[in-house]
Amino acid sequence: MMEKAEADSRPIGIRDAALFAFGHMFLGRSREDVDMEIEDLTILVDRMNLWLAEDKTHKGEDQTIPLRDRPDVQLIRRMNRWLEYLASHGITTGPVFRHLLKNGVPATEETRAKAATARGLRLRPHVVNERVKHWFAKAGLVGDGRPITSHGLRAGAATDLAANDATAQELEEAGRWAPGSTAVRLYLRPAQAQKRNAFDKIPVHDPTRVGGPFDGPTLSAGSSP
């Protein structure tokens, strides 16, 4: 999706690629992603430090969250590219992810006021949803039958972590879930089930073996095959 979005270097694709990379590494809820301010970000060579005033779990508790770069996500390159585009239009403060006009120019307070939205320059969460669906289709991706939504940015990252042996605590910290959250177990259980097979405990029957105790599966009397 990110590669497809930024392939033709259109401003909206540059923005969306940065948004997807950020949403994945931040494991952010859609509103958290689009509420970010440029002033809240400190971008370094290998990571981005994000200051968060509070979130759903940590009310009244500010955090500084390091988002480390990865070669397959390229968070730093994509964020820098988008922020440099905003800076070329004189924008160095305010919302990170904002509306663009049809010609690619960032919307102003005046143009957004005509839309009569309380969100102002900030993207609305449902717009993130629309952009995910748009680029998912454009990239020719196929889902598993479940709805394609912006929650997939957060859920996909959590699923990847769970599939690669992240602990419950690591998932809680990465996604800023409360300790013992049922949401974390929803990601861990399927991943753990894929790696466990109770039938591995049963010796595999060798039909060439003659004599000795039976070493394969047993059918108990009165049971159904």
Side-chain angles (χ1 to χ4, degrees), residues 1-41 43 48 50-56 65 67 73-143 146-159 175-176 183:
M1 287 169 53
M2 294 184 292
E3 291 173 357
K4 186 69 174 178
E6 64 188 5
D8 60 4
S9 297
R10 293 175 61 214
I12 194 169
I14 294 171
R15 180 201 67 189
D16 290 352
L19 174 60
F20 297 161
F22 178 80
H24 182 80
M25 297 304 298
F26 179 45
L27 274 80
R29 302 168 179 90
S30 293
R31 181 170 289 274
E32 291 175 338
D33 294 343
V34 293
D35 278 351
M36 289 297 107
E37 302 273 329
I38 296 173
E39 301 94 308
D40 297 335
L41 309 179
I43 299 181
M48 179 171 70
L50 166 66
W51 181 78
L52 194 63
E54 66 175 16
D55 61 26
K56 184 178 178 180
I65 302 170
L67 305 180
V73 178
Q74 299 182 46
L75 171 68
I76 301 304
R77 178 186 70 78
R78 288 181 164 120
M79 287 296 296
N80 274 331
R81 191 181 186 193
W82 170 239
L83 292 175
E84 286 166 5
Y85 177 75
L86 291 180
S88 73
H89 288 274
I91 299 170
T92 56
T93 60
V96 176
F97 300 111
R98 53 181 70 206
H99 288 274
L100 299 175
L101 303 180
K102 290 183 178 180
N103 61 3
V105 173
T108 63
E109 294 278 5
E110 292 74 21
T111 56
R112 288 305 299 158
K114 296 176 183 178
T117 171
R119 294 290 295 168
L121 296 172
R122 292 181 175 82
L123 287 181
R124 287 168 289 179
H126 88 268
V127 174
V128 183
N129 213 45
E130 292 171 355
R131 301 313 295 169
V132 167
K133 291 180 179 180
H134 172 81
W135 290 117
F136 188 91
K138 287 289 186 181
L141 300 175
V142 179
R146 288 176 290 184
I148 305 302
T149 70
S150 57
H151 181 66
L153 299 175
R154 176 173 169 86
T159 299
R176 298 167 308 287

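Residue Asn80 holds its CG atom at 9.5 Å from CE of Met48, rounded to the nearest 0.5 Å. Here Met36 contributes atom CE and Leu123 contributes atom CG; the two are 13.0 Å apart, rounded to the nearest 0.5 Å. Thr108 OG1 to Leu101 CG: the interatomic distance, rounded to the nearest 0.5 Å, is 7.0 Å. His126 NE2 to Ser30 OG: the interatomic distance, rounded to the nearest 0.5 Å, is 11.5 Å. For the atom pair CE (Met25) and CG (Leu50), the distance works out to 12.0 Å, reported to the nearest 0.5 Å.
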side-chain contact (heavy atoms from CB on, under 4.5 Å) between Phe22 and Leu67, intermediate numbers included | CA-CA 9 Å; Phe22 178 80; Leu67 305 180; 3.9 Å; yes

Stepwise side-chain contact (heavy atoms from CB on, under 4.5 Å) check, Arg124 with Val34 | CA-CA 7 Å; Arg124 287 168 289 179; Val34 293; over 6 Å; no

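A donor-acceptor pair under 3.5 Å is absent between the side-chain atoms of Glu37 and the main chain of Val96, judged by distance alone. Listed for the Arg176 side chain is a donor-acceptor partner under 3.5 Å among the backbone atoms of Phe26.
When the options Asp40, Leu41, Ile65 are evaluated for a side-chain contact (heavy atoms from CB on, under 4.5 Å) with Trp51, the one that passes is Asp40.
Minimum heavy-atom separation, Ile38 to Thr92: CG2-O, 3.3 Å. For the residue pair Leu27 and Ala157, the shortest heavy atom distance occurs at CD1-CB, 3.5 Å. Scanning both residues, Ala21 and Val73, for their nearest heavy atoms gives CB-CG1, 3.8 Å. Scanning both residues, Ile43 and Met79, for their nearest heavy atoms gives CD1-CB, 4.2 Å. Heavy-atom minimum distance, Ile91 versus Pro106: CD1-CB, 3.5 Å. Minimum heavy-atom separation, Ile14 to Ser9: CD1-O, 3.7 Å.
Classification of the Phe97-Trp82 ring pair by plane angle, with boundaries at 30° and 60°, yields parallel.
Put simply, the side chain of Leu19 reaches to within 4.5 Å of the side chain of Asp33, judged on heavy atoms.
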Identify every side-chain donor-acceptor pair in residues 129-140 under 3.5 Å, counting partners at least two apart or on other chains, and give the distances.
residue, atom, partner, partner atom, Å
Asn129, OD1, Ser150, N, 2.7
Asn129, OD1, Ser150, OG, 3.3
Arg131, NE, Asp16, OD2, 2.7
Arg131, NH2, Asp16, OD2, 3.1
Trp135, NE1, Asp16, OD2, 2.8

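A salt bridge links Arg29 with Glu32: the distance from a Lys NZ or Arg NE/NH1/NH2 to an Asp or Glu carboxylate oxygen falls below 4.0 Å.
Residue pairs satisfying the salt bridge (Lys or Arg N to Asp or Glu O under 4.0 Å) criterion with at least one member in residues 98-110, sequence neighbours excluded, are absent.
A distance of 6.0 Å or more separates the ring centres of Phe20 and His24.
Qualifying salt bridge (Lys or Arg N to Asp or Glu O under 4.0 Å) partners for Arg78, counting only residues two or more places apart in sequence or in other chains: Glu6.
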